[in-house]
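Here the structure comes first, spelled out in C-alpha cells, and everything after it is commentary.
Heavy-atom basis, side chains included; hydrogens, waters and symmetry copies ignored.
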Amino acid sequence: MPKQELVVLNTCCTPISEAALDPAQAADGAAVFKALADPIRLRLMSIIASAGDEVCVCDITPNFDVSGPTISHHLKVLREAGLVDCERRGTWVYYWPLPERLTWLSNLLSVPAPTAV
C-alpha cells in the first residue's frame, strides 16, 4: 500500500469555545467529525489509538461482524481524515494513530476551566 499524500490543516489551535473557525478550519474539522461519526470507524479508531503502538489489520478485523473489504473502506476514511496512517508489510497492513491529529481534535474541543468566584 503506497503512502498517501495527506493534506491536514493544523491551523486550528484556538478552541471553538474561544473563537469562531474560518471556513477552511470548519471544513477540516467537519471532515474529521464525519469520519468519526460512523460507529464502526469510531470503534476502529479506539482500537488503533488504544493499541499503544501499531496494530495489524489481521488483529482488527475479527472484532467486527462485517467483511474485510468493509473494514478496509472504513480504515481508508480514517486515513483520509488524517487520523491514522499505515504501512503494508507483506500480506498485512499495520495501522497507528496520528497523535498530532488527535491533539488537534482535543484542542479544538477543549473548554476553559471555570473561574473561581
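In this structure, the side chain of Thr103 engages the main chain of Pro99 through a donor-acceptor pair within 3.5 Å. Formation of a donor-acceptor pair under 3.5 Å by the Arg43 side chain with backbone atoms of Asn63 is found in this model.
Heavy atoms only, all atoms of each residue included: Cys58 and Cys56 are closest at SG-SG, 2.6 Å. In terms of heavy atoms, Pro97 sits closest to Ala49 at CG-CA, 3.9 Å. In terms of heavy atoms, Asp22 sits closest to Ala24 at OD1-N, 3.0 Å.
Between the CD1 atom of Ile60 and the CG atom of Leu44 there is a distance of 6.0 Å, given to the nearest 0.5 Å. Glu18 CD to Asn107 CG: the interatomic distance, rounded to the nearest 0.5 Å, is 10.0 Å. Here CZ of Arg79 is found 13.0 Å from NE2 of His74. Values are rounded to the nearest 0.5 Å. To the nearest 0.5 Å, the span separating SG on Cys86 from OH on Tyr95 amounts to 4.5 Å.
For the pair Arg88 and Tyr94, the cation-pi test (distance below 6.0 Å, angle within 45°) is failed. A cation-pi contact links Arg101 to Trp104, judged by a cut-off of 6.0 Å to the six-membered ring centre and 45° from its axis.
Side-chain atoms of Ser67 and Thr70 include a donor-acceptor pair closer than 3.5 Å.
Each of Leu98 and Val77 belongs to its own hydrophobic cluster when Ile, Leu, Val, Met, Phe, Trp and Tyr are linked at side-chain heavy-atom distances under 4.5 angstrom. If you chain together hydrophobic residues whose side chains sit under 4.5 Å apart, Leu75 and Ile40 fall into the same group.
Salt bridge status for Glu54 with Arg89: present, with a side-chain N to carboxylate O gap under 4.0 Å.
Put simply, the residue from Leu83, Ile71, Leu36, Leu78 that forms a side-chain contact (heavy atoms from CB on, under 4.5 Å) with Arg41 is Leu78.
Between Glu87 and Trp96 the shortest side-chain heavy-atom distance falls below 4.5 Å.
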